[in-house]
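The structure appears right after this line, and notes come after that.
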Amino acid sequence: MSFAEKLMNWYRDKGRDLPWRTTHDAYIIWLSEIILQQTRVEQGTPYFHRFVDAFPIVTKFAEADEEDILRLWQGLGYYSRARNMHKAAKMVVEEFQGVFPNAYEEAIRLPGVGEYTAAAIASFSVNEPRAVVDGNVYRVLARYFGIKEPINSTEGKKTFAEVAQEMLDKDSPGIYNQAIMDFGALQCKPKNPLCEDCIFRVECFAFRNGLVDVLPVKLKGKVSRNRYFHYFIVKENDRILMSKRGERDVWTNLYEFPMIETAEDMLMPDLMTYTDFVQYFEESTVLEAVGRQVKHILSHQNIYARFYIVEDSRSLKKKKKDWNYHYCEKIDKLAKHKLIFSFLEKNVHLISAKQP
DNA sequence: AACCCGGGGAG
DNA sequence: CTCCCAGGGTT
């Protein structure tokens, strides 16, 4: 029996029953695939249902306000995915007459759709023979064939793409692609793979040569840097001052409390002498520290945040252009009004406890 | 080719 | 802690 046949037999028996597997609608498949980019199935599934309910067809998605889309996306991370989805939906309306493209070469033109996602859309919707190459596929193929090239090197990516395309079952590319990804997720796991009970025990190179926990090889990335954020909760009656983040940094265009960033950790007596602080607040500004320092870990940076309540908004000397007051009778209201920065969500008690 | 973009969970 | 996740875009 061939690799593909064994894989698909395994899948028929042990594959997952996932909500987006019952459709051949390229739009629904696209929705699920963008959500699942670098995102675990368990984390993405509730978002998938929310988006299908809110935007059952692509024209609804295209008509939506970007802020509504981002609010639905809130908490998922990699927010450019949501922005690109909106652009893509509008492109489908304008350039594809509202019919979501199911061919690889057309789908890949959409922003946010790369090689993986285009292959997924084309194979799942109309069985176009395009192999998907995601983290699961890298792992399964690296172990099965003993490929030692780094999966994140340019050469490695090319090699794996070629091998994946060779192994693809050209008669059932959709099922095969689902099968190899499920196999990677459930059986050939990154840590503690279930080798003792594996259909490829006999032929798997890594298993035969004791390289299961060496493969796949991945080049090390940069060490993450530390950043120190100091947030100011400036209240004026029932309103709270919010600030819009800029481009070229994390959380592009999302909202947060007004903030000062320092290169090193800094406590309040010192922070009051800091140039940025002096620029915006009176010397007499009364500040009440709230909670403890919060550590927020991103894949490439560690953010340490402290929060201060500014009791008297008159102590605000001047505002940056992108600092705006927003009504905040309730947190829900604020969320409805503007996007909420994840810190705010996680520290709702910091504000709601102080609400009038 | 290098860098940037999030949040969550497993071990 | 470290690593990984149904990756993609920009420089």
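Sequence lines set the chain letters: A, B, ... in the order given, protein chains first and strands last, and positions in each chain run from 1. Because only heavy atoms are used, hydrogens play no part in the values below, and waters and symmetry mates are left out as well, while side chains stay in.
When rounded to the nearest whole Å, the span between CH2 of A/Trp251 and P of B/dG6 equals 8 Å.
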Do A/Tyr228 and A/Gln293 pass the side-chain hydrogen bond (donor to acceptor under 3.5 Å, both in side chains) test, and can you show the C-alpha distance, the side-chain angles, and the key distance before you say yes or no? CA-CA 10 Å; A/Tyr228 301 90; A/Gln293 187 177 47; over 6 Å; no
Test side-chain hydrogen bond (donor to acceptor under 3.5 Å, both in side chains) on A/Arg21 and A/Gln178; report intermediate values, then the result. CA-CA 9 Å; A/Arg21 284 185 172 161; A/Gln178 304 271 21; 2.9 Å; yes
Report the C-alpha separation of A/Arg81 and A/Asn84 in whole Å, then their side-chain angles, then the decisive distance to 0.1 Å, and conclude whether the side-chain hydrogen bond (donor to acceptor under 3.5 Å, both in side chains) test is met. CA-CA 5 Å; A/Arg81 288 184 290 174; A/Asn84 283 333; over 6 Å; no
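Here, B/dG11 and C/dA6 have their P atoms 14 Å apart, quoted to the whole Å. C/dG8 and B/dG9 are spaced 23 Å apart, taking the C1' atom of each and rounding to whole Å.
Aromatic ring pairs are classed by plane angle as parallel below 30°, tilted from 30° to 60° and perpendicular above 60°; the pair A/Phe61 and A/Phe55 is tilted.
In this structure, A/Arg225 and A/Lys191 both approach DNA chain B, and ranking their closest nucleotides by distance from the 5' end singles out A/Arg225. Toward the 5′ end of DNA chain B lies the nearest nucleotide of A/Arg81, the other residue of the pair A/Arg81 and A/Asn192 mapping further downstream.
Ring centers of A/Phe200 and A/Phe3: under 6.0 Å apart, within the cut-off. Aromatic ring centres of A/Phe281 and A/Phe232 lie closer together than 6.0 Å. The distance between the ring centers of A/Phe229 and A/Phe257 does not fall below 6.0 angstrom. Taking the six-membered ring wherever Trp is involved, the centroid distance between the rings of A/Phe145 and A/Phe205 does not fall below 6.0 Å.
Heavy-atom contacts from other residues, nucleotides or ligands closer than 6.0 Å to CD of A/Glu106 number more than 12. Surrounding NZ of A/Lys170 are more than 12 heavy atoms belonging to other residues, nucleotides or ligands, all under 6.0 Å away.
For the OP1/OP2 pair of B/dC5 and a distance below 4.0 Å, the side-chain nitrogens and oxygens of A/Gln301 include at least one atom meeting the criterion. The side chain of A/His300 contributes no N or O atom lying less than 4.0 Å from OP1 or OP2 of B/dC3.
Non-hydrogen atoms lying under 4.0 Å from DNA chain C are contributed by A/Gln178, all within residues 147-180 of chain A. The stretch residues 98-125 of chain A does not touch DNA chain B, since none of its heavy atoms comes less than 4.0 Å from the strand. Only A/Gln38, A/Thr39, A/Arg40, A/Gln43, listed by number, bring a heavy atom of residues 22-48 of chain A to less than 4.0 angstrom from any atom of DNA chain B. Of the residues in residues 12-21 of chain A, those lying under 4.0 Å from DNA chain C by heavy-atom distance are A/Arg16, A/Leu18, A/Trp20, A/Arg21.
Looking at A/Asp197, its side chain never comes within 3.5 Å of a backbone N or O of A/Gln187 through a donor-acceptor pair. A/Arg143 places a side-chain N or O within 3.5 Å of a backbone atom of A/Leu215 that can act as its donor or acceptor partner. No donor-acceptor pair under 3.5 Å is formed between the side chain of A/Lys87 and the backbone N or O of A/Pro111. Looking only at distances, no side-chain donor or acceptor of A/His230 sits under 3.5 Å from a matching main-chain atom of A/Ala305.
The nucleotide range of DNA chain C contacted by chain A, defined by atoms under 4.0 angstrom from heavy atoms of the protein and reported 5' to 3', is C/dC1 to C/dT11.
Counting any heavy atom pair closer than 4.0 Å across all strands shown, A/Val132 reaches no nucleic acid atom.
Among residues two or more places apart in sequence or in another chain, the salt bridge (charged side-chain N to carboxylate O under 4.0 Å, His left out) test is passed with A/Arg50 by none.
Here the NE2 atom belonging to A/His24 is positioned 11.5 Å from the CG atom belonging to A/Asn102, to the nearest 0.5 angstrom.
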